[in-house]
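Written below as structure tokens is the structure these notes are about.
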Amino acid sequence: MTALDRESARRFLRDLVRVRRFEERCAELYSAGKIRGFLHLYIGEEAVSAGVMPRLLPTDAVVSTYREHGHALVRGLSARSLMAEMFGKKAGCCRGRGGSMHLFDASLRFYGGNAIVAGHLPLAVGLGLADAYTGKRRVTACFFGDGAVAEGEFHEAMNLASLWRLPVLFICENNLYAMGTALARHQAMTDLAKKAEGYAMTAAVADGMDVEVVAAAADRALTFVREGLGPYFLELKTYRFRAHSMFDPGLYRPKDEVALWELKDPLAIFSARAKAVGALTDADLVELEREVKAELDDAVAFAEAAPVEPVEELGWRVTLGERAS
Amino acid sequence: MTALDRESARRFLRDLVRVRRFEERCAELYSAGKIRGFLHLYIGEEAVSAGVMPRLLPTDAVVSTYREHGHALVRGLSARSLMAEMFGKKAGCCRGRGGSMHLFDASLRFYGGNAIVAGHLPLAVGLGLADAYTGKRRVTACFFGDGAVAEGEFHEAMNLASLWRLPVLFICENNLYAMGTALARHQAMTDLAKKAEGYAMTAAVADGMDVEVVAAAADRALTFVREGLGPYFLELKTYRFRAHSMFDPGLYRPKDEVALWELKDPLAIFSARAKAVGALTDADLVELEREVKAELDDAVAFAEAAPVEPVEELGWRVTLGERAS
Amino acid sequence: MKTTYREALKQAHREALKKDPRVFLMGEDVGRYGGAYAVSLGLLEEFGPERVRDTPLSEAGFVGAGIGAALGGLRPIVEVMTVNFSLLAADQLINSAALLLHMSGGQLNVPLVVRMATGAGRQLAAQHSHSFENFFASVPGLRVVAPATLEDARGMLWTALLDPDPVLLFENALLYNLEGELADDAGPVDLDTARVRRPGKDVSLVTYGGSLGKTLKAAEDLAKQGIDAEVLDLRSLRPLDDAAIVATVTKTHRLVVVDEAWKSGSLAGEIIARVMEKAFFELDAAPARVCTEEVPIPYARAQELAALPSVEKIVAAAGRVVRGHG
Amino acid sequence: MKTTYREALKQAHREALKKDPRVFLMGEDVGRYGGAYAVSLGLLEEFGPERVRDTPLSEAGFVGAGIGAALGGLRPIVEVMTVNFSLLAADQLINSAALLLHMSGGQLNVPLVVRMATGAGRQLAAQHSHSFENFFASVPGLRVVAPATLEDARGMLWTALLDPDPVLLFENALLYNLEGELADDAGPVDLDTARVRRPGKDVSLVTYGGSLGKTLKAAEDLAKQGIDAEVLDLRSLRPLDDAAIVATVTKTHRLVVVDEAWKSGSLAGEIIARVMEKAFFELDAAPARVCTEEVPIPYARAQELAALPSVEKIVAAAGRVVRGHG
Ligand SMILES: Cc1ncc(C[n+]2csc(CCOP(=O)(O)OP(=O)(O)O)c2C)c(N)n1
Ligand SMILES: Cc1ncc(C[n+]2csc(CCOP(=O)(O)OP(=O)(O)O)c2C)c(N)n1
Ligand SMILES: [Mg+2]
Ligand SMILES: [Mg+2]
């Protein structure tokens, strides 16, 4: 890790704060009935997205899960388009059809927002295959949880990517739980990075609560993949501070475990350090929070005011081709 | 390995020869149009079944693939019932409904004969689960090929078995090809036993062409499983001397590779050794071949003469329960 | 006693777990979490982790393990959290559970119960709003049922466990909160017959599962218009109770089928085809289907509602069928 | 020129691989082995391993990779060896390929072609004899076609590759050896329309894929009995060519649907339902379905034949429909 300068400290903290406040706003709006369906918050895990995403190039691709607000926001989807999507409005990134679990933006190569656990890993393999086939030096970054590792689609995707040496970065957000099931109750091998060996894939583990550590790990991984050395498995240990979804009573985690992890709050840790090394001041923090608040106020107002997709457009683009019936 | 006595030498060789001659007879009968559908021969791989199967107890369970004649025969299904099955006759072990790929015998706890590659691994996990649940000290032995290892169902089954420490013995018959696709073209990690580590499962590799080596490896594995130490992954390196199925032109394997493996013919190797150590004589071999020939002649005659299931019984036992319509 | 569909299901599980030591429940988050729809909340504490078993996210793996456990002598209840994930277990359900008995020459029956939540209507968007009942109902060797009432939620599970064959129970997720009266001694119910939930003489509204409520409501609205609709709840989707279907059509001579699946390939189509084959001359007007529009189901509320069957659509379809086109 | 269905498919692949560098073929054993049905024999040598790519046994994995590759700008042809294994990829085909475009708000189309062999009749027993066309044909977002002739085998692939949406091509495995004449300049054909393969006036025999041959043969036999049957080949299973279906029924007023799937839940049922909805007053007699019996398909020859549609069964059904019951 290089010394922290003001510029990068601002960027890191900005991303962390934007995601945190966005998620908090979503939780409120869910309670207020503005957002419906499933809502999976990223609070506690922000350092993963804030650490990885800025290291990707615009030409790279991102494929993610239903817990992807943080990925989408840092990747560059506007808070407006995300909020409008969650409000079910036509101005949303998917015309309000996708909601929280299905955020897409083709122009940013952000391929979801996929809600079948591990179902998106093969897509990432295919995106990587397309790049390898055409000789493009791009990377596909694929985010998924520890729970996804048990799925057959994980296994098949890992083997394919490694067998064909595709430029795919697999990022396992190991938050220690798949819904209410603790890692040791769903994985025989709890050291997930070790699983990569079974696919002859290079792997690393890093602290997913420290945005600088994440960024450095991502840099190493991306260098490897970009050099054409094949795919890479990066396990980031993290924790979600909230329930799995808004339906989750959250009875399955010991209180002291939660408390312990809360001490590793990625925002707290990073802002303290940035201040300690003099990269940021309290005034910067206040300023940043103000900026983010303004952005989110605007996004919410925008979403609120935006019209819904007219019912007549329900059947628009079920297919793209012209069809007889 | 203990010194080879006459008794066990006869048993080993008998099983090897029975399977080999049975398969040769099947090939002939296929050409004669008596056997139809898919036919996958086990020639070259006999030491696996002849080595493992006799170490199992009658109370243990066996779950296998579509290349399972050898497993069925050594497990104790009669040549008559197998041959009749392949002739599509009602006296067959599945009334002629299953054919070559679906041999079952509930009384011998022989659970197929499954033709979806890797689809039977979860069944083996469930059989193991039933034993663990009821506290029975039985083992479920599950046979599958190297190709199956790429399937998601393999992955899920391995994790479940290890996570729940179930008494399942996974036996990978690594014959280096999945149909026409060589191991290195379908597996990123060609050292298959290494994959077991990703599931925290104990594993071993052994020469699958030497029946004594196989039997010794099976004994070690079975002791482990029977002691309640959890599942076990046993990779047996072997080779099929014939094509994948009767439809396979077999163009994908180098001639010298085939020739090299033919030098390891499990029948040749074992009979030579048994003679060298004085456990068997040439006269024994002749006698054995005669016995087996008589058994197969009888089986074929039986199958030939047996009646087919009447067409009126087509719908018999689609379900076991009484149904309204 | 006043209760809910969820609670009725839970009591059915408790009863089964108590009655038969071979019965156990397994699935994603059925234990510590209490079930994605809280059906099994408290059962882990009552029956322990062997009998209320959390599984990894491995739908093919644990459904297959359920089949194996059934072969091994147990009576597993496997919960596939939702029908959307059942695609991952389709190979096991079809190629193993359904086929094993017949293709083994009648040797290996699979006494397995698989439960799953189905249907749309909660703004869960395209990947979480499926209705694949008819696909599974098309497979010989399976039995498929859809409890639509508290009694059936309470009573179908035990009967399914007694069945020697694999039984799939589809629970429409909108029903879990359904409240109503249930007899204190409510117990097992048959899995074979369709039930007339409302007698009528002008038109038959045939439906099942999550659409029963809408259909009954539509029947009330139709009554206000002077149309006396009969509502038939199929209950069993495989086998279908052909006699009951033919009986209602023979009585009313008009048919509307209500089904939350996409129209093409729906069970509603199968019902119409059967009526044509078995009672061609009974119908006085073209039959109609009220199904989901042929679109992936969107998140936005208005769009989702527009995609799904509704009371209004049923009333309108029945009106057309009774009064003729227009 | 005299050729076979297999050869016509192969030429279609060669043409596509030559015309468009974005096109590649991947699947189990398509390369060195030459394809389980020898469709791609020789293509590896001609186009190299990047464009004719052998995959591991990972149906979900490589179908999903095909979807991703399509999103990434390529034009993949993915061969799923047989429909029986497509269950393992059903999640990818439905939850990803079919839904992505609509649920992304119209952003992400998936120009993917998936080919698979389907059907029974070669004594491959229960797990290798499925017909799941109708399941996939029920899913919005997919296009499903079934080439039943040499021309369609030759011409559908390129049109499918031009299509911006996922197209599933079902090749009945009994057709690969079909011989016949094909024009030297045979090229792309439309994917939209059903075709009358034999005009007739007394009864409409509607079918597709592997059953076309049997149905045409039945029509000949019927002609000898003085019944003039019209044979409609659906070609496209999603969307269905409703106009053509209604047209033939409006002409003959009698309907028999021939479909190799199990009867319950078959496409045959959907066809009948549509005719009832759209042309109720056209039919003069109850329609009939000739489908596979509701049993897992057995290995033994006589049993397998008894389970499947046959010329005799079609003739008998058409006779009943034309002459009335008995
Ligand atoms: C195939 C599939 N099975 C089950 C579910 C229901 N489900 C949604 S999220 C989830 C837990 C996933 O855990 P993990 O992969 O660790 O991700 P996390 O939610 O912890 O970020 C489950 C079981 C699903 N969406 N898809
Ligand atoms: C799920 C599935 N995919 C494809 C096939 C077709 N198939 C049958 S055997 C086979 C190769 C299997 O190879 P392996 O597991 O190594 O077993 P082997 O035949 O070598 O004994 C293939 C591709 C199948 N039966 N099931
Ligand atoms: Mg997790
Ligand atoms: Mg092999």
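Letters A, B, ... mirror the listed sequences (proteins, then strands); counts begin at 1.
At a 4.5 Å heavy-atom cutoff, the contact between D/Leu88 and chain B is made by side-chain atoms alone. When heavy atoms are compared at a cutoff of 4.5 Å, B/Met179 approaches chain D by way of both its backbone and its side chain. With a threshold of 4.5 angstrom between heavy atoms, B/Ile35 approaches chain D through its backbone and through its side chain. For chain D, no part of B/Gln187 is nearby; none of its heavy atoms comes within less than 4.5 Å. Only the backbone of D/Glu294 comes within contact range of chain B, judged by heavy atoms closer than 4.5 Å. Both the backbone and the side chain of D/Gln303 come within less than 4.5 Å of a heavy atom in chain B. Neither the backbone nor the side chain of D/Ala60 comes within contact range of chain B; no heavy atom of the residue lies under 4.5 Å from a heavy atom of that chain.
Salt bridge present: B/Lys34 and B/Glu304 bring a charged side-chain N and a carboxylate O closer than 4.0 Å. Salt bridge status for B/Glu235 with B/Lys237: present, with a side-chain N to carboxylate O gap under 4.0 Å. Under 4.0 Å is where a charged nitrogen must lie from a carboxylate oxygen, and between D/Arg51 and D/Glu46 no such pair does.
Interface remark: of the candidates D/Ser58, D/Gly31, D/Ala125, D/Ser58 forms the most heavy-atom pairs closer than 4.5 Å to chain B. Here D/Gln127 is the residue among D/Glu59, D/His128, D/Gln127 with the most heavy-atom pairs under 4.5 Å with chain B. Options B/Ala148, B/Ala150, B/Gly88, B/Gly147 differ in how many heavy-atom pairs under 4.5 Å they form with chain D, and the most are formed by B/Ala150. The candidate with the highest count of non-hydrogen atom pairs below 4.5 Å against chain D, out of B/Phe38, B/Tyr252, B/Tyr66, is B/Phe38. Among the candidates B/His186, B/Arg95, B/Glu151, the residue making the largest number of heavy-atom pairs closer than 4.5 Å to chain D is B/Glu151. When each of B/Val308, B/Ile116, B/Leu251 is checked for heavy-atom pairs under 4.5 Å with chain D, B/Ile116 comes out on top.
The CG atom of B/Asn174 lies 8.5 Å from the OG1 atom of B/Thr238; values are rounded to the nearest 0.5 Å.
Between the side chain of D/Asp259 and the backbone N or O of D/Leu267 there is at least one donor-acceptor pair closer than 3.5 Å.
Here the closest non-hydrogen pair linking B/Gly180 and D/Asp29 is N-OD1, 3.0 Å.
Between B/His120 and B/Phe143, the distance separating the two ring centers is not shorter than 6.0 angstrom.
Cation-pi geometry between D/Arg6 and D/Tyr37 is not met at under 6.0 angstrom from the ring centre and within 45 degrees of the axis. The cationic atom of B/Arg240 (NZ for Lys, CZ for Arg) does not lie both less than 6.0 Å from the six-membered ring centre of B/Tyr42 and within 45° of the ring axis.
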